Amino acid sequence: MSPKPPVHWAAIGESTFVAGMRFMAGLHRLFGRVPFLLVLYPVVFYYWASRGVARRASRQYLERVQAAHNSLGHPPTWRDGVRHFLAFADTLLDKTLALSGRYSFAGLRYEGREAVVELIERAQGALFVTGHVGCLEMCQVAADRRSRIKLSVLVHTAHAEQFNRMLHRLDPNHGVQLIQVSEVGPATAVLLAERVARGEFIAIAGDRIPLDANNVTRASFLGHDAAFPIGPYVMASLLKCPMFLMTCVREGRGHVVRFECLAEQVVLPRKTRSAALAHFAALYAARLEGVLASAPFEWFNFFPFWDQHLAAARPDSRTHEQPLA
């Protein structure tokens, strides 16, 4: 029997639903961290045991980060797989605290924030290329407390408006807005350009490819060739603004938020456009890999990442199995 073809991540769906986030926020508010995790850990262990796609994807990733950087110090075992899923459970709590404005600033450390603060003071916007790494909701508190970042996050989920309402209920003064997009058309491009011109910031994930397999490029990641979306770099070239990698990973009992400038301006010459896109994707992949080398359990793409391009060629693929992220 031939193996099942890979399924595109967008066809699998998300497990972090709005109602679940609201429930978790209430649970933590009433009972604290330990009861919260006592409820969450069994659920995550169930997912690890019952979701073969996510479990195998986790194992493949851990094997490759270990082979490339010896990040685990040993060949990954099933215990490392469980630890990977439990790290995601801890991150769900961190997301809840961050979105509700209840995360302690004392637990947050910054690297490269000076360049972003300088942009804020000049009312200059920028594009943040992110990834499914750690707890990106910490970006909400990554700016100076006197000058919060106004951030628009481009997402593919159809639940964007529900998430926006939830964000407002958890923290009416938050500076984050989710914008659901299937593709960036002229109207969306104008909207984003206006926001950047006002000194706001745009965030887009650089580690999940679109359904259209033509809008991808290739780069080495953890020692293996992988597909990456070209969207972030095309957008940065249109917005004519600086482009940063933004990540947030756990550090002890707190987190470290990192901003790394990938380009002061992205230029895509017509004659060498493909090469330029590949260059920026390779730069992103290398910087992302550097983050994961020291924080191997903080990457939450629980699907066959290196086979995305095969699934993108089959946009009609479906599955009932839902990954964690």
Side-chain angles (χ1 to χ4, degrees), residues 5-14 57 126-133 136 152-158 160 178-193 195-196 201-222 224-246 262-263 265-289 299 301-319 323 325:
V7 178
H8 192 277
W9 67 266
I12 299 176
E14 300 284 348
L127 178 73
F128 292 149
V129 188
T130 68
H132 291 75
V133 180
L136 287 175
S152 297
V153 182
L154 302 188
V155 297
H156 290 279
T157 175
L178 304 186
I179 300 177
Q180 192 276 328
V181 293
S182 55
E183 62 180 20
V184 179
T188 303
V190 170
L191 170 67
L192 298 180
R195 295 190 178 195
V196 170
F201 295 79
I202 309 298
I204 183 172
D207 59 350
R208 290 190 178 180
I209 67 173
L211 286 171
D212 186 351
N214 294 318
N215 293 327
V216 302
T217 187
R218 315 291 304 183
S220 177
F221 183 62
L222 295 177
H224 296 264
D225 185 62
F228 288 89
I230 65 173
Y233 319 114
V234 173
M235 184 178 301
S237 70
L238 293 174
L239 297 177
K240 295 180 173 59
C241 65
M243 180 175 69
F244 287 79
L245 170 68
M246 179 178 67
L262 299 179
Q265 185 173 344
V266 173
V267 179
L268 302 176
R270 180 174 299 179
K271 292 183 178 180
T272 58
R273 185 174 184 271
S274 295
L277 289 169
H279 163 75
F280 287 114
L283 180 60
Y284 165 81
R287 298 287 181 86
L288 179 62
E289 184 170 328
W299 199 51
N301 275 320
F302 291 99
F303 63 91
F305 179 82
W306 283 268
D307 294 329
Q308 292 188 85
H309 62 291
L310 300 177
R314 303 177 59 259
D316 59 330
S317 59
R318 294 291 184 269
T319 181

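From a predicted model like this one, the values you see are computed outputs, not experimental measurements.
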Could you go through the side-chain contact (heavy atoms from CB on, under 4.5 Å) check for Leu192 and Leu239 one step at a time? CA-CA 8 Å; Leu192 298 180; Leu239 297 177; 4.2 Å; yes
Intermediate values then yes/no, ring pair (Phe, Tyr, Trp, His ring centres under 6.0 Å), Phe228 and Phe305: CA-CA 10 Å; Phe228 288 89; Phe305 179 82; 5.8 Å; yes
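- Looking only at distances, a side-chain donor or acceptor of Asp207 sits under 3.5 Å from a matching main-chain atom of His132.
- Checked by atom type and distance alone, the side chain of Tyr233 never pairs as donor or acceptor with a backbone atom of His279 at under 3.5 Å.
- Between Ala126 and Val196, the shortest heavy-atom distance links the atoms N-CG1, 4.4 Å.
- Across Arg208 and Pro229, no two heavy atoms sit closer than the pair O-CG, 3.5 Å.
- Residues Leu288 and Val133 are in side-chain contact: their nearest non-hydrogen atoms beyond the backbone lie under 4.5 Å apart.
- Minimum heavy-atom separation, Ser237 to Leu268: OG-CD1, 3.6 Å.
- Separation of atoms OH (Tyr284) and CG (Leu245) is listed at 6.5 Å; rounding is to 0.5 Å.
- Between Ser220 and Ala285, the closest heavy-atom pair is O-CB, 3.7 Å.
- Atom CZ of Phe303 is separated from atom CG of Asp307 by 10.0 Å, given to the nearest 0.5 angstrom.
- Checked by atom type and distance alone, the side chain of Gln265 never pairs as donor or acceptor with a backbone atom of Cys241 at under 3.5 Å.
- Asn215 CG to Ile230 CD1: the interatomic distance, rounded to the nearest 0.5 Å, is 4.5 Å.
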List the steps and the verdict of side-chain contact (heavy atoms from CB on, under 4.5 Å) for Arg195 and Phe201. CA-CA 7 Å; Arg195 295 190 178 195; Phe201 295 79; over 6 Å; no
Start with the C-alpha distance between Phe244 and Val129, add both sets of side-chain angles, then the distance that settles side-chain contact (heavy atoms from CB on, under 4.5 Å), and finish with yes or no. CA-CA 6 Å; Phe244 287 79; Val129 188; over 6 Å; no
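- Note that CD of Glu289 and CG of Leu222 are 4.5 Å apart. Values are rounded to the nearest 0.5 Å.
- In this structure, CD1 on Ile204 lies 14.0 Å from CZ on Phe128, to the nearest 0.5 angstrom.
- The minimum heavy-atom distance between Met243 and Pro232, with the atom names listed, is SD-O, 4.4 Å.
- In this pair, His224 and Trp306 present their aromatic rings perpendicular. The plane angle is above 60°, beyond the 30 to 60° band.
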Yes or no on side-chain contact (heavy atoms from CB on, under 4.5 Å) for Val234 and Leu277, after CA distance, side-chain angles and deciding distance? CA-CA 8 Å; Val234 173; Leu277 289 169; 4.1 Å; yes
